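See structure below.
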Amino acid sequence: MTNIIENLRGQVRNTVKNALHASVLKGELAESTIDEITIETPKDNNHGEFSTNIAMQLAKQVKKAPVQTAAILIANMDFSDTYIERAESAGPGFINFYLNKSWLYDTLKIVDRERNDYGRIDIGHGKKVMVEFVSANPTGTLHMGNARGGALGDCIASVLQAAGYDVTREFYVNDAGNQIEKFGISLEARYIQLLKGEDAVQFPEDGYQGEDIIDHMKDYIERYGDQLLKEDPAERRKKLVDYALPKNLERIRKGLEAYGIKYDVWFSEQSLHDSGELDETLQYLNENGLVVEKDGAKWFKATHFGAEKDEVIVRNNGLPTYFASDIAYHRNKFQKRGFDWVIDLLGADHHGHVARMKAAVEAIGVDPSKLDIVVFQLVRLFKDGDVARMSKRTGRAISLDDLLEDVGRDAARFIFNTKASGSHLDFDLDLAIKQSNENPVYYVQYAHARICSMLRLIESEGIKIPLADEVELTRLTAPEEIELIKKIAEYPDEIRISAQALEPSRLTRYVTDVASLFHSFYNACRVKGEEENLMKARLVLVSSTQIVIKNVLDILSIGAPERM
RNA sequence: GUGCCUGUAGCUCAGCUGGAUAGAGCAACGGACUUCUAAUCCGUAGGCCGGGGGUUCGAAUCCCUUCAGGCACGCCA
């Protein structure tokens, strides 16, 4: 639960703040106001561990050149009880801070103490947050878009858990409304076609063309025969939907589970109709003057809340729209179930939903900042060097099941989390399948397996992996060792940033960096066979690296193999 | 036409709240296995940060404009 970097940053910030006070008190600097002292981490090692640009920001107020201000501040700094060794003015007026190496050795002690919990922080304070993701129509199978949304949503949820939030993963089941109608009509058409021939009935223009619909009906006929031919059509469609829908849902559930995703709640849209919550919501909006009638339909005045246009919530045939259910659904999330923060994941093709959903949340009296909608860009699939166009209409998309079979869960989850959600993702199927160095997931897993192998060998020779407190960590001085420890120290802060940005893709990059620094260390330094104290110190470092890699892969739900 | 996303090395992408000399992986080229896993490492090369303006001590980052690609603009979800 220790964020090392954050603590150090705090030390630096306080040092600067105190120096600023002291300088003003002594009359060396004019009084000034500054919102916040920003402490940044320079990318160049020669610039120390931390730096601040305060002297440049202050230049105008104190009417002094930044370099001069920096010098005054440095002269007034007190480093006692901190890890800071020295501060230097550099460049146009930066102040760079150089730390005493002991912070690195203390880092290894923290990792050793926290073990599986290393990296966990508590910025969430147990706040209740829901992450709703995938929520695919149960009328068909899962496709590449769902696969990206799934990997992203699940990892966002895990990162938030690691950051101290109380997280609920939820799948919204669209088991009501228009698309279920279409589902029924499609099933019915296939049912009749299978029994009476292709030409017996025309397949509806906007029906679901997928093979799975036909398969469902083949199975149904096998079990129950043709008795539904004589049935009233509405009743017939209902029976077919009642048969196929649970099967689809079960298949979706199993597919996602194989992908490493387990939901806490499967929430039924129909339940909002049955419980009366949908009607209540419509009534609430109506009573608050947020509904207008036009052309026989009822519209929600989304424009009142900054949206571009109003939205139909009840059609002129009297049926509520999907959007109406979604308002009731969010009312349920916030008000019935008391979530403090709700995160919805949406594919870019639904980004039009963002503005109206925000408006709707405000309309039901909830602070819209409590709703975050993460819009992720669509996936372009490459195969044999060409774009493999996926078409939902013809049902020829690559399914999640295909993906898991061809690519595997680890590679798929890793690749989907290498890109920021906002960037378009090219998924190279051939590369993903390849078990070679071109495929980044193996690079990380290999580092882990390599460490496990080293530790196994050492232990087989009767040497115990020592505790960090028992060894001379100051023996670790090689640049490869220092860089690796620094990277390990960053982990808790990396969790913090990933959680705040809702970007787990940072973690795949982070863990790749750890692996890379480890491999460099491995090639530069030997462990087994070294002088005993050095070997022990390195064993602690190697073991810490293993812990960090394992912890990150756990968050991403990617396997950490002990052998490869 | 309007709105949103994206434009950074040959390819795929990082670049946090504006900071110091723009990074990584892959591909290319040259090296390293009698020693803890070579699915590895070390090195070389590769750039008008789409273009043009502006804001300021300082811009890949912020603002305006323009070009290119993706997506969305329904009483579908």
Side-chain angles (χ1 to χ4, degrees), chain A residues 36 38 40-44 46-47 51 53 56-57 59-60 65-66 90-94 96 135 137 139 174 177-182 206 269 294-299 308-309 311-323 325-326 347-355 375-378 380 382 415 418-428 431 434-447 449-458 461 497 500-501 503 505-506 509 512-513 515-516 518-530 535 538 542 563-564:
Chain A
E36 206 192 345
T38 57
E40 40 195 60
T41 56
K43 30 188 169 175
D44 188 335
N46 297 320
H47 296 144
S51 74
N53 58 356
M56 280 122 89
Q57 291 183 315
K60 263 190 190 158
F94 290 103
N96 295 331
S135 300
N137 268 338
T139 53
N174 303 131
N178 218 5
Q179 78 282 357
I180 292 295
E181 291 293 311
K182 260 163 60 179
D206 56 350
E269 180 183 357
K294 200 177 80 187
D295 306 331
K298 293 188 170 128
W299 301 66
E308 287 209 344
K309 55 187 176 65
E311 300 289 338
V312 172
I313 46 175
V314 181
R315 294 185 285 234
N316 66 8
N317 62 8
L319 295 173
T321 60
Y322 167 85
F323 181 50
S325 315
D326 219 5
D349 52 340
H350 289 109
H351 76 259
H353 200 52
V354 175
V375 175
F376 59 92
Q377 296 303 311
L378 301 176
R380 207 163 48 146
F382 275 81
I415 291 168
T418 48
K419 271 82 180 172
S421 53
S423 68
H424 302 261
L425 190 151
D426 286 347
F427 195 104
D428 186 334
L431 176 63
K434 244 188 242 179
Q435 301 211 2
S436 78
N437 61 339
E438 289 168 70
N439 195 337
V441 66
Y442 297 109
Y443 182 81
V444 174
Q445 290 186 320
Y446 181 69
R450 196 178 218 185
I451 292 173
C452 290
S453 161
M454 290 170 76
L455 297 180
R456 247 191 333 264
L457 185 72
I458 296 263
E461 293 182 4
I497 300 171
Q500 283 169 346
E503 274 298 354
S505 63
R506 295 187 62 96
R509 275 192 296 280
T512 303
D513 287 347
S516 170
F518 172 74
H519 286 310
S520 296
F521 158 80
Y522 178 89
N523 277 276
C525 307
R526 286 196 58 81
V527 178
K528 185 170 163 279
E530 283 289 349
M535 179 190 75
R538 284 184 174 164
V542 169
R563 298 167 200 273
M564 276 174 83

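All figures in this text were calculated on a predicted structure; none of them were measured in a lab. Sequence lines set the chain letters: A, B, ... in the order given, protein chains first and strands last, and positions in each chain run from 1.
Rounded to whole angstrom, the span from the CD atom of A/Gln377 across to the P atom of B/A72 amounts to 11 Å. A/Asn439 has its CG atom 12 Å from the P atom of B/A27, to the nearest Å. As a whole-Å value, the separation of A/Leu378 CG from B/G69 C1' is 13 Å. In this structure, A/His351 atom NE2 and B/U2 atom P are separated by 15 Å, rounded to whole Å.
With a glycosidic angle further than 90° from 0, B/C16 counts as anti.
A donor N or O paired with an acceptor N or O is not found under 3.5 Å between the base of B/A72 and the side-chain atoms of A/His350.
Looking at residues two or more places apart in sequence or on another chain, you find a side-chain contact (heavy atoms from CB on, under 4.5 Å) between A/Asn96 and A/His47, A/Ser51, A/Ala90, A/Phe94, A/Tyr98. For A/Glu530, the side-chain contact (heavy atoms from CB on, under 4.5 Å) test picks out A/Arg526, A/Leu534, A/Met535, A/Arg538, with sequence neighbours left out. Annotation: salt bridge (charged side-chain N to carboxylate O under 4.0 Å, His left out) contacts of A/Glu503 (sequence neighbours excluded): none. Checked against ring pair (Phe, Tyr, Trp, His ring centres under 6.0 Å), A/Tyr443 has the following partners two or more places apart in sequence or in another chain: A/His519. Applying the side-chain contact (heavy atoms from CB on, under 4.5 Å) rule to A/Asp349 yields the partners A/Leu378; only residues at least two apart in sequence or on another chain are considered. A/Asp44 pairs by the salt bridge (charged side-chain N to carboxylate O under 4.0 Å, His left out) definition with nothing, not counting sequence neighbours. Scored by the side-chain hydrogen bond (donor to acceptor under 3.5 Å, both in side chains) test, A/Ser135 finds A/Glu132 as partners (sequence neighbours excluded).
Dashed line: the shortest gap from a side-chain N or O of A/Arg315 to OP1 or OP2 of B/C76 is under 4.0 Å. The side chain of A/Asn178 places an N or O atom within less than 4.0 Å of a non-bridging phosphate oxygen (OP1 or OP2) of B/C76.
If you take atom P in B/G18 and the same atom in B/A24, they sit 25 Å apart, rounded to whole Å. One C1' atom belongs to B/C49, the other to B/C62, and the distance between them is 16 Å to the nearest Å. Straight-line distance between the P atoms of B/A39 and B/U44: roughly 24 Å, to the nearest whole Å.
Contact annotation for A/Asn316: base contact, defined as any heavy-atom pair under 4.0 Å involving a base atom. A/Lys309 comes within 4.0 angstrom of the backbone, heavy atoms only, and of no base. No engagement by A/Asp428 is indicated, since no non-hydrogen atom pair under 4.0 Å with the nucleic acid exists. Across all strands, A/Ala59 comes closer than 4.0 Å to no nucleic acid atom at all (heavy-atom distances).
Residues A/Asn316 and A/Asp295 fail the side-chain proximity criterion, which asks for heavy atoms closer than 4.5 Å. Looking at A/Asp326 and A/His353, their side chains come closer than 4.5 Å, going by heavy atoms from C-beta outward.
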Assign a letter to each nucleotide of nucleotides 9-22 of chain B from its 5' end: B, base within under 4.0 Å of a protein heavy atom; S, sugar-phosphate only; -, no contact.
---SSS--B-BBB-
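A cation-pi arrangement is absent between A/Arg450 and A/Phe518 under the rule of less than 6.0 angstrom and at most 45 degrees off the ring axis.
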N/O-N/O pairs, protein side and nucleotides 34-43 of chain B side, under 3.5 Å:
residue: B/U35; atom: O2'; partner: A/Arg526; partner atom: NH2; Å: 3.4
residue: B/C36; atom: O2; partner: A/Lys528; partner atom: N; Å: 2.9
residue: B/C36; atom: N3; partner: A/Val527; partner atom: N; Å: 3.1
residue: B/C36; atom: N4; partner: A/Tyr522; partner atom: O; Å: 3.0
residue: B/C36; atom: N4; partner: A/Cys525; partner atom: O; Å: 2.6
residue: B/U37; atom: OP1; partner: A/Ser453; partner atom: OG; Å: 2.8
residue: B/U37; atom: OP2; partner: A/Ser453; partner atom: OG; Å: 3.2
residue: B/U37; atom: O2'; partner: A/Tyr446; partner atom: OH; Å: 2.3
residue: B/U37; atom: O2'; partner: A/Arg450; partner atom: NE; Å: 2.8
residue: B/U37; atom: O4; partner: A/Ala449; partner atom: O; Å: 3.1
residue: B/U37; atom: O4; partner: A/Met564; partner atom: N; Å: 3.4
residue: B/A38; atom: OP2; partner: A/Arg450; partner atom: NH2; Å: 2.3
residue: B/U40; atom: O2'; partner: A/Arg450; partner atom: NH1; Å: 3.1
residue: B/U40; atom: O2'; partner: A/Asn523; partner atom: ND2; Å: 3.2
residue: B/C41; atom: OP1; partner: A/Tyr443; partner atom: OH; Å: 2.3
residue: B/C41; atom: O4'; partner: A/Asn523; partner atom: ND2; Å: 2.9
residue: B/C41; atom: O3'; partner: A/Ser520; partner atom: OG; Å: 3.4
residue: B/C42; atom: OP1; partner: A/Ser520; partner atom: OG; Å: 2.8

